[in-house]
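Structure first, then comments.
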Amino acid sequence: MPPIGSYDVVVIGGGHAGCEAALASNRMGLKTCLFTMNVDTIAQLSCNPAIGGLAKGHIVREIDALGGQMAKAADAAGIQFRVLNRSKGPAVWSMRAQADRQLYKTHMKDALETTPNLDIKQASIEEILVKDGSITGVMASLGETYEARAVIATTGTFLNGLIHIGLTSYPSGRAGEFPSVGLSSSLSRLGFKMGRLKTGTPPRIDARTIDFSKTTPQWGDDPPEPFSFSTREIINPQLPCFITYTNEATHNIITSSLDRSPLYSGAIKGVGARYCPSIEDKAVRFADKPRHQVFLEPEGLRTNEYYANGIPTSLPIDVQIRMVRSIEGLADAEIIRPGYAIEYDCVYPTQLRHTLETKDVGGLYLAGQINGTSGYEEAAAQGLMAGINAALKLKGRPPLVLQRHEAYIGVLIDDLTTLGTKEPYRMFTSRAEYRLLLRNDNAEMRLKEIGRLIGLVSEEDYAGFAAKRALIWEEIMRLKTHRAIPAEVNVALATLNTTPLTEQTTLEQLLKRPEVTYAFIENVYPASSTLPPDAKQYIETEIKYEGYVRQQERLVERMKKLEFKQIPPGFNYRLISGLSREALGKLEDIRPETVGQAGRIPGITPAAISLLIVAIEKGKRLPRDDFNP
């Protein structure tokens with residue numbers, strides 16, 4: 001059968017990674033087609049109805065600054081917004097939004113369908129076509145083929161997906177959907193090392209059967225702070241979540257039923273996430289804990305379903321019913337959808353370059369849970385970067401590789417491609433060495449220019465950013481030069497219980513006091529221009545933490561010498577005299593692209609790095625025939 005169509009880029013999968021990948025490559029001028037097994041589930045929030053969270057919120061803002069879509073979709077669908085960790089430093093403040101599941105899908109699908117020259121097709125891609133080590137196209141389940149210059153696989157949990165509820169298991173990519181079987185075999189035949197992971201989801205409960213009077217409501221911030229830098233207003237009604245807890249009776253029900261748990265009976269072989277354990281795991285591993293929090297989250301404005309965050313489970317349905325009804329406020333609860341565990345295949349991500357292109361198959365990119373990650377945000381970030389880099393490569397332009405000091409996205413991809421993962425990877429602020437440089441309030445300052453240069457940030461968006469940036473620098477200069485006079489400010493300072501001024505000082509120095517906020521400065525010495533709230537927060541943080549920020553910037557400069565020292569493609573590590581067998585094996589397996597990346601591989605010692613640097617320099621001085629790069 002001759003090819004049915006021909007594309008620059010084919011994207012496999014319509015989840016969060018696939019949507020960002022397809023939009024990015026198409027907006028950068030490439031003819032793109034997104035293949036999904038069900039066009040009605042594009043951008044499905046498969047697990048919790050929320051976007052963002054600790055560190056994940058930073059990623060969403062970075063996606064937005066680069067020109068991605070997730071933040072705009074979250075704002076369009078958001079029904080509760082909160083900034084987490086407000087009691088801590090600004091480096092770890094993280095944004096989170098409850099999302100209306102249907103509104104989120106509608107926004108993202110509309111973004112795809114209204115993008116010119118972007119095709120969407122419902123089909124199951126079963127084979128990746130390769131010739132001479134490079135992509136030529138894909139083949140679908142009915143035998144039809146499509147030519148492609150690049151393929152981005154974003155398969156989520158669908159690769160050989162297997163759902164477990166109690167001791168019952170059945171093939172599925174997600175509840176109610178078929179798995180992808182042939183594609184996993186195709187990747188294996190291409191020589192990729194595959195792994196097996198597991199994730200889980202809790203039961204969904206009918207709101208009409210919840211006694212909310214026995215729970216604690218939790219409202220969002222008022223006014224809500226949007227994710228996208230371009231969003232001017234949140235228009236959806238805002239809803240509360242509700243907090244309750246498991247108890248001793250709940251834990252007894254769980255532990256007495258472990259013989260029927262696939263997790264403890266050995267039916268599940270995949271590795272689950274340490275940081276998001278099932279309620280079975282919590283009851284066993286933390287037996288000393290009298291209770292665990294359950295967060296009841298609305299799934300939307302026009303549905304009765306509530307997501308019981310905190311009790312993901314694969315226990316049998318009868319046990320799930322008893323367990324749920326033992327929880328305060330849920331005595332009469334009816335389960336609409338049971339919780340379940342799902343196992344799926346993944347590709348070990350050390351087989352990828354930092355561009356997310358595979359090392360052994362040119363033009364093949366992988367993004368999302370196929371690379372061993374968990375979470376919508378991590379998936380979307382990878383999809384965006386895969387789409388960007390596929391487009392840049394096909395256009396003959398240099399790749400975009402974000403460094404660890406530039407973005408959480410850089411930390412994410414470097415961790416995956418350098419360290420790999422044997423469990424579902426989740427982003428935390430603690431993974432970033434330079435997190436004071438990677439705040440959610442400065443994502444636009446860090447990345448907007450890059451988004452514009454690669455062609456994803458529109459001129460309209462960039463003009464708004466440039467105008468705001470000019471106002472920010474103008475205000476910072478005013479704070480550095482305008483002086484506060486004791487007679488004008490001391491009465492106000494007394495209300496803050498801070499030391500009065502004895503001589504004039506700049507507004508910048510005054511703002512560096514812990515008790516003084518930008519709002520205080522603005523009240524006493526108003527700016528000549530009106531600044532948006534996010535600009536005010538950026539200014540305050542930059543000034544208060546200036547010393548720490550400069551310290552991290554100096555550290556980054558020292559590290560760059562190693563970070564950007566390139567290792568020649570195909571470098572022969574066996575020529576390095578004195579390298580241990582362990583170091584040799586890891587370097588040959590991961591094939592790092594820079595000395596900095598090599599230094600982050602577990603087991604690679606400083607001594608091994610020194611030998612590597614000497615060998616690279618020696619190789620540069622040898623005749624080509626004597627050096628095997």
Using a cut-off of 6.0 Å, state whether more than 12 heavy atoms not belonging to Phe178 lie near its atom CZ. no
Nearest 0.5 angstrom please: Ile205 CD1 to Ile311 CD1, how far? 5.5 Å
Under a 4.5 Å cut-off applied to non-hydrogen side-chain atoms, are Cys47 and Tyr376 in contact? yes
Would you be so kind as to tabulate the donor-acceptor pairs closer than 3.5 Å made by side chains of residues 336-347, with sequence neighbours excluded?
unit_1: Arg337; atom_1: NE; unit_2: Glu305; atom_2: OE1; d: 2.9
unit_1: Arg337; atom_1: NE; unit_2: Glu305; atom_2: OE2; d: 3.3
unit_1: Arg337; atom_1: NH2; unit_2: Glu305; atom_2: OE2; d: 2.8
unit_1: Tyr340; atom_1: OH; unit_2: Ala175; atom_2: N; d: 3.3
unit_1: Glu343; atom_1: OE1; unit_2: His164; atom_2: NE2; d: 2.7
unit_1: Glu343; atom_1: OE2; unit_2: Lys269; atom_2: N; d: 2.8
unit_1: Glu343; atom_1: OE2; unit_2: Gly270; atom_2: N; d: 2.6
unit_1: Asp345; atom_1: OD1; unit_2: Arg196; atom_2: NH1; d: 2.8
unit_1: Asp345; atom_1: OD2; unit_2: Asn160; atom_2: ND2; d: 2.7
unit_1: Asp345; atom_1: OD2; unit_2: Ser184; atom_2: OG; d: 2.6

Can you see whether Gln320 engages Arg322 through a side-chain donor-acceptor pair at a distance of less than 3.5 angstrom? no
So, the side chain of Asp75 versus the backbone of Thr231: is there a donor-acceptor pair under 3.5 Å, distance only? no
Looking at Gln551, I'd like to know if its CD atom is crowded, meaning that more than 12 non-hydrogen atoms belonging to other residues, nucleotides or ligands lie closer than 6.0 Å. no
Step-by-step side-chain contact (heavy atoms from CB on, under 4.5 Å) determination, Ile370 to Thr154: CA-CA 7 Å; Ile370 191 173; Thr154 69; over 6 Å; no
Using the side chain to side chain contact (heavy atoms under 4.5 Å, CB included) rule, pick out the option among Thr215, Ile335, Leu296, Thr250 that qualifies with Leu330. Leu296
Please identify each residue that fulfils side chain to side chain donor-acceptor pair (under 3.5 Å) with Ser314, with sequence neighbours left out. Glu280
Side chain to side chain donor-acceptor pair (under 3.5 Å) with Arg302: which residues, sequence neighbours excluded? none
Checking Lys544 side chain against Val516 main chain: does a donor-acceptor pair fall under 3.5 Å? yes
Do you see a donor-acceptor pair shorter than 3.5 Å between the side chains of Asp64 and Ser228? yes
Summary of ring pair (Phe, Tyr, Trp, His ring centres under 6.0 Å) pairs that have at least one residue in residues 211-241, sequence neighbours excluded: Phe212-Phe242, Phe212-Tyr306
Would you name the heavy atoms of Met194 and Leu187 that are closest together and state the gap between them? SD-CB, 4.1 Å
Would you call Thr244 and Lys214 a side-chain contact if the rule is heavy atoms closer than 4.5 Å? no
Listed by chain and number, what are the ring-ring contact (aromatic ring centres under 6.0 Å, His included) partners of His251, not counting sequence neighbours? His292
Quick one: are Asn497 and Glu515 in side-chain contact, heavy atoms under 4.5 Å? no
Hey, is the main chain of Ile604 close enough, under 3.5 Å, to the side chain of Lys586 for a donor-acceptor pair? no
Using a strict 4.0 Å threshold on nitrogen-to-oxygen distance, state whether Arg208 and Glu334 make a salt bridge. no
Could you check if a side-chain atom of Gln597 sits within less than 4.5 angstrom of a side-chain atom of His354, using non-hydrogen atoms only? yes
Using a 3.5 Å distance criterion without hydrogens, assess whether the side chain of Ser172 forms a donor-acceptor pair with backbone atoms of Leu162. no
Given the rule in the side chain to side chain donor-acceptor pair (under 3.5 Å) test, do Glu177 and Asn38 qualify, once you have shown the distances and angles that lead to the verdict? CA-CA 8 Å; Glu177 298 183 60; Asn38 186 346; 4.6 Å; no
Is there a side-chain contact between Lys289 and Lys282, using heavy atoms and a 4.5 Å cut-off? no
Can you tell whether the side chains of Glu542 and Arg439 come within less than 4.0 Å, N to carboxylate O? yes
Leu239: which residues meet the side-chain contact (heavy atoms from CB on, under 4.5 Å) condition with it, sequence neighbours left out? Ile79, Pro298, Leu301
Among residues at least two apart in sequence or on other chains, which ones pass salt bridge (Lys or Arg N to Asp or Glu O under 4.0 Å) with Asp318? Arg260
Testing the basics here: between Ala77 and Tyr104, what is the closest heavy-atom pair and its distance to 0.1 Å? CB-N, 3.4 Å
For the residue pair Glu377 and Ile63, establish whether any side-chain heavy-atom pair is separated by less than 4.5 Å. no
Residue Tyr548 excluded, over 12 heavy atoms near OH under 6.0 Å: no
side-chain contact (heavy atoms from CB on, under 4.5 Å) between His107 and Gln69, intermediate numbers included: CA-CA 9 Å; His107 173 94; Gln69 198 68 27; 3.0 Å; yes
Say whether Thr541 and Gln537, considering side chains only, have a donor N or O and an acceptor N or O under 3.5 Å apart. yes
When you look at Thr418 and Arg600, which way does the side chain to side chain donor-acceptor pair (under 3.5 Å) test go after all the steps? CA-CA 7 Å; Thr418 303; Arg600 289 188 291 276; 4.9 Å; no
Residues in ring-ring contact (aromatic ring centres under 6.0 Å, His included) contact with Tyr425, at least two apart in sequence or another chain: none
Using modelled atom types only, decide if a donor and an acceptor are shared between the side chain of Glu297 and the backbone of Asn309 within a distance under 3.5 Å. no
Tell me, please, which residues at least two apart from Arg431 pass salt bridge (Lys or Arg N to Asp or Glu O under 4.0 Å). none
Closest contact, heavy atoms only, Gly173 versus Phe158: CA-CD2, 3.5 Å
d(Arg96 CZ, Arg82 CZ) to nearest 0.5 Å is 8.0 Å
Residue pair Met95 / Arg61, side-chain heavy-atom distance below 4.5 Å: yes
Taking salt bridge (Lys or Arg N to Asp or Glu O under 4.0 Å) as the test, write out the residues that go with Lys193, two or more places apart. Asp589
Would you say the side chain of Asp100 lies within less than 4.5 Å of the side chain of Asn236, judging by non-hydrogen atoms? no
Check the surroundings of atom CZ in Arg285: do more than 12 heavy atoms from other residues, nucleotides or ligands lie under 6.0 Å from it? yes
If you take all heavy atoms of Leu197 and Glu423, which pair is closest and at what distance? CD2-CA, 3.8 Å
Polar side-chain atom of Gln382 near backbone of Leu412 as donor-acceptor pair, under 3.5 Å: no
Taking atom CG of Asn252 as the centre, does the number of heavy atoms from other residues, nucleotides or ligands within less than 6.0 Å exceed 12? yes
Could you pull out all residues at least two apart from Ser169 that satisfy side chain to side chain donor-acceptor pair (under 3.5 Å)? none
Evaluate the criterion side-chain contact (heavy atoms from CB on, under 4.5 Å) for residue pair Leu384 and Leu66; output intermediate values, then yes/no. CA-CA 9 Å; Leu384 176 67; Leu66 287 167; 3.9 Å; yes
side-chain contact (heavy atoms from CB on, under 4.5 Å) assessment of Leu315 paired with Ile253: CA-CA 11 Å; Leu315 287 164; Ile253 291 169; over 6 Å; no
Sequence neighbours left out, what passes salt bridge (Lys or Arg N to Asp or Glu O under 4.0 Å) with Glu406? Give chain and number order. none
